[in-house]
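Numbering of residues begins at 1 and proceeds along the displayed sequence. Just so you know, these numbers come straight off a predicted model, no measurement behind them.
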Amino acid sequence: MAPFKFVTRGLWQLSLYTKSSNIGVTSVQWQCVRTELHKLTETRHFNTSTRGCYVPSKHSRRLEGTAILVRTMSSSARLASKSCVSLQASPNTSLMDEIVTIEVAGLMPGQPVTLNTYFDNEDKQFETYAHYTSDENGTVNTTNHASQGGNFIGIEPMGMFWSMVACPGVRHGTRYMKRDISKPLVIDISVHDGHMSQDDVRVDKSPMAATSVGRWYKGKNVESIKVEGGKYNLQGTLVKPKGPGPFPAVVDMFGGVLPGCNEIRAALLASHGFAALSLGYFWETGEVSSMIAVERLEMEYFEEAVDWLNSQPYVQPGGIGTVGVCKGGEMATAMAIHFPHKIRATVGISTCGSFTLCPTTYKGKTYPYAQLSPPDEVSEEHTGFSKDGHICLKDFFPTADDNFQEFDRIKCPALIICGDNDDCVPNDHSDRIAGLIQNNGHDNPCEFIKYPGAGHLLEPPYVPVCTFSYQHPWGIFRWGGTPRDHAHACEAAWKKVLAFLQEHMVDKKQTVTSKL
C-alpha cells in the first residue's frame, strides 16, 4: 500500500507505512530519528513503547504501530541524519592484491548514496565514484551490491579501486605506478547523500562518513636489498622475505617504456614467499626514457643476474624462475631459451616473439630483431593510430616476421599470457610462442591463456586500469582493453602467475604464504 505522507513546518517529510509494509527502520535508526527530532523542537513528543509521535499541526495525529522513513527537507535535518551513518573498509591495511570490502551502515532503507575514493600519491591524484542504493537494512556493501552508475556498473567488489582515473589537472595519459614500495598507498573513501556527479562530490565538504585504507606492495616481513656491480654492472633490487630461507627465487622485469627498476611485482612476489630480483636493463638517457635509446642488450647481463641470485645462501637450489611483461617477457623467455639448465620456470606476459627495439647478443652472436616502423600499407584496421590519435604499436610490427626466437628450445614449464585486445603487441605472437613450446618434443608443460577484452598491461590487480598512457616524447600509446574486462583479467592473471610459480618453483617440503 502507498504510504500516507504529510509535511510539518518544512523540516521533515514523514512517510507512514502500515505494519504489513516490507519497508521499515532498524531500532538503532529509529532511536537516531527520535533523538534528532527531539533536539530540533520541543513540540514533538514520542512514545517509545508504541513507536508513535504527536505532530502539532492542523494535520496532527498519532502515528502508532508504524515504521517511519525520515527524509531531510532542510540543511539542519540533513546534518542531523549523518550521525547514524558509518563507513567501514575491511581490512583497513592490506596487500595490494587483497580484496577490500567497503560497507556503509545506518542509512535509511532505499537511500541513494555515492561512494568516492581518492588518493594523492607521488604527485599523482586519482579518483572514482559509484552510485549505490541501500538495502532493506539500510546498508551498502561493495562485495554483493551493484553500482547503478558512476565509473562502473554492476557488482564489482574492487570497482572502487580499479576504476580510478586521473583527477582534473593531472596530465592526460598519466599512468599510475607506485615507485616507493616502502610506504603504503593511502586511499581515502567517503560516502555522500544522494546520487552525485564526480564534480559535485569534489565540492561536497561534508560527506556522511569517511575513512581510509593503506595498501602495501611490500609486506611487513619483507626486506629490500640493492644489487649493484659485477662484470656487467648489474642494477636491481632484491625483495625477499626476512630470514635465512631457502626461498624460491625469480628474476622480474617490466617493459621497454619503464626505465630502471620497478619493484611493485617483485615486492608482491616477496610478500607471497619468493625472493624476487627486480632487474633493470635500461635507464633514462637525456630526454628519452625508453628502450629506443639502447644500442644493444647482452644476454650475459641477464645470465649474470641469474648466477648471482642462484649463489645466494637464502635461495632455494634447483634453478631460477623468470617473469616479465612486454619487453621484459621477451627477455624472460629468452633466458629460458639461451641458458635453459639455469631456468626452472618462465612466465611471459604480453610478450613479443622476436627481439625488439635493439640488437641482442650472446656469446659473440648478434640475433635478428624486429624493427618497428609505420605500416607500409595503411588500411582502416591498420593505420598505426587509434581513432582518438593514440599510437598503436601493434601496427608497427613487420607483417611477416621471420625473426622469432627459438622457443622450441625451452625445456622448463612455461606460462604464456596475453589479452585479445592488446594494441601494443600483435595477438598472434603469444599464439605462436605457445605453439612452439607445446610442440617442441620436450616433456615440459606450457600453459597459454588469452583473456577476452584485456589489453597489454596485465599487471598486479586493483590499481587504476591503464588502457593508454603518455610516453615522452612521442605522445599517447594505446595499450588496449576495456576497463572492466582488463581489470578482471589482471585479477585472474595474477592469481594464475602465483599458482604457476608455487607449483613449479616451490619444493614440496616448503609452504608459501601471503604475508603483510
Side-chain angles (χ1 to χ4, degrees), residues 177-182 218 222-240 247 249-267 269-270 274-315 319-344 346-348 351-352 354-369 405 471-472:
M177 184 164 282
K178 190 166 177 56
R179 286 290 186 179
D180 185 358
I181 62 169
S182 68
K218 184 179 178 181
V222 170
E223 60 183 350
S224 298
I225 302 170
K226 288 294 180 183
V227 178
E228 297 178 333
K231 180 179 179 180
Y232 290 91
N233 191 26
L234 291 181
Q235 299 288 323
T237 302
L238 177 68
V239 195
K240 61 177 282 291
F247 307 108
V250 299
V251 175
D252 177 62
M253 294 163 288
F254 275 85
V257 296
L258 290 175
C261 298
N262 191 292
E263 302 162 2
I264 60 170
R265 191 165 52 221
L269 286 169
F274 294 87
L277 174 61
S278 174
L279 184 63
Y281 56 95
F282 74 99
W283 291 264
E284 292 191 30
T285 304
E287 294 187 356
V288 179
S289 60
S290 82
M291 276 293 302
I292 201 72
V294 177
E295 293 184 1
R296 67 173 181 171
L297 288 177
E298 297 173 298
M299 287 302 300
E300 286 87 351
Y301 174 86
F302 300 89
E303 187 171 25
E304 185 173 33
V306 169
D307 291 341
W308 177 85
L309 189 56
N310 205 34
S311 69
Q312 302 308 305
Y314 44 76
V315 168
I320 303 300
T322 60
V323 179
V325 61
C326 189
K327 179 69 180 181
E330 175 187 317
M331 303 313 297
T333 51
M335 293 159 76
I337 293 171
H338 292 284
F339 21 96
H341 56 291
K342 299 180 180 182
I343 305 301
R344 184 165 174 170
T346 187
V347 178
T351 185
C352 309
S354 313
F355 285 123
T356 57
L357 301 176
C358 70
T360 300
T361 64
Y362 186 50
K363 294 184 176 179
K365 180 179 179 179
T366 300
Y367 289 86
Y369 71 103
Q405 294 191 66
Q471 183 63 34
H472 183 77

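Ionic pairing of Glu298 and Lys365 is not present here: no N-O contact between side-chain nitrogen and carboxylate oxygen is shorter than 4.0 angstrom. The pair Lys240-Glu223 meets the salt-bridge criterion, with a side-chain N (NZ, NE, NH1 or NH2) lying under 4.0 Å from an Asp/Glu carboxylate O.
Put simply, OH on Tyr301 and CG on Leu234 are 5.5 Å apart, with the number rounded to the nearest 0.5 Å. Remark: Thr366 OG1 to Phe355 CZ distance equals 11.0 Å, nearest 0.5 Å. With values rounded to the nearest 0.5 angstrom, Leu279 atom CG is found 9.0 Å from Asp252 atom CG. The distance from the OG1 atom of Thr322 to the CZ atom of Arg344 is 13.0 Å, given to the nearest 0.5 Å. Cys358 SG to Arg296 CZ: the interatomic distance, rounded to the nearest 0.5 Å, is 10.0 Å.
A heavy-atom distance below 4.5 Å is not found between the side chains of Phe302 and Val251. The shortest distance between side-chain heavy atoms of Leu297 and Met331 falls below 4.5 Å. By the 4.5 Å heavy-atom criterion applied to side chains, Val250 and Leu277 are not counted as neighbours. At least one side-chain heavy atom of Lys327 sits less than 4.5 Å from a side-chain heavy atom of Thr356. When side chains are defined from C-beta on, Val325 counts as touching Phe254, because their heavy atoms get closer than 4.5 Å. Here the side chains of Tyr367 and Met299 are not in contact, with every heavy-atom distance at 4.5 Å or above. Val227 has its side chain out of reach of Leu309: every pair of non-hydrogen atoms, C-beta onward, lies at least 4.5 Å apart. Val323 is not listed as a side-chain neighbour of Met253, based on a closest heavy-atom distance of 4.5 Å or more.
A donor-acceptor pair shorter than 3.5 Å can be found between the side chains of Ser224 and Lys218.
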TODO: Starting from the C-alpha separation in whole Å, work towards a yes-or-no answer on side chain to side chain contact (heavy atoms under 4.5 Å, CB included) for Lys363 and Glu300.
DONE: CA-CA 8 Å; Lys363 294 184 176 179; Glu300 286 87 351; 4.1 Å; yes
TODO: Dump the intermediate steps for side-chain hydrogen bond (donor to acceptor under 3.5 Å, both in side chains) on Asn233 and Gln235, then the final yes or no.
DONE: CA-CA 6 Å; Asn233 191 26; Gln235 299 288 323; 3.0 Å; yes
Please report, to 0.1 Å, the donor-acceptor pairs under 3.5 Å made by any side chain of residues 332-343, with sequence neighbours excluded.
unit_1	atom_1	unit_2	atom_2	d
Thr333	OG1	Gly329	O	2.9
Thr333	OG1	Glu330	O	3.1
Lys342	NZ	Glu303	OE2	2.8
Lys342	NZ	Asp307	OD1	3.0
Lys342	NZ	Asp307	OD2	3.3

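Considering all non-hydrogen atoms of both residues, Ala249 and Val315 come closest at CB-CG1, 3.6 Å. The two atoms that bring Ala267 and Val239 nearest to each other are CA-CG1, 3.8 Å, heavy atoms only.
The backbone N or O of Asn262 sits less than 3.5 Å from a side-chain atom of Ser278, completing a donor-acceptor pair.
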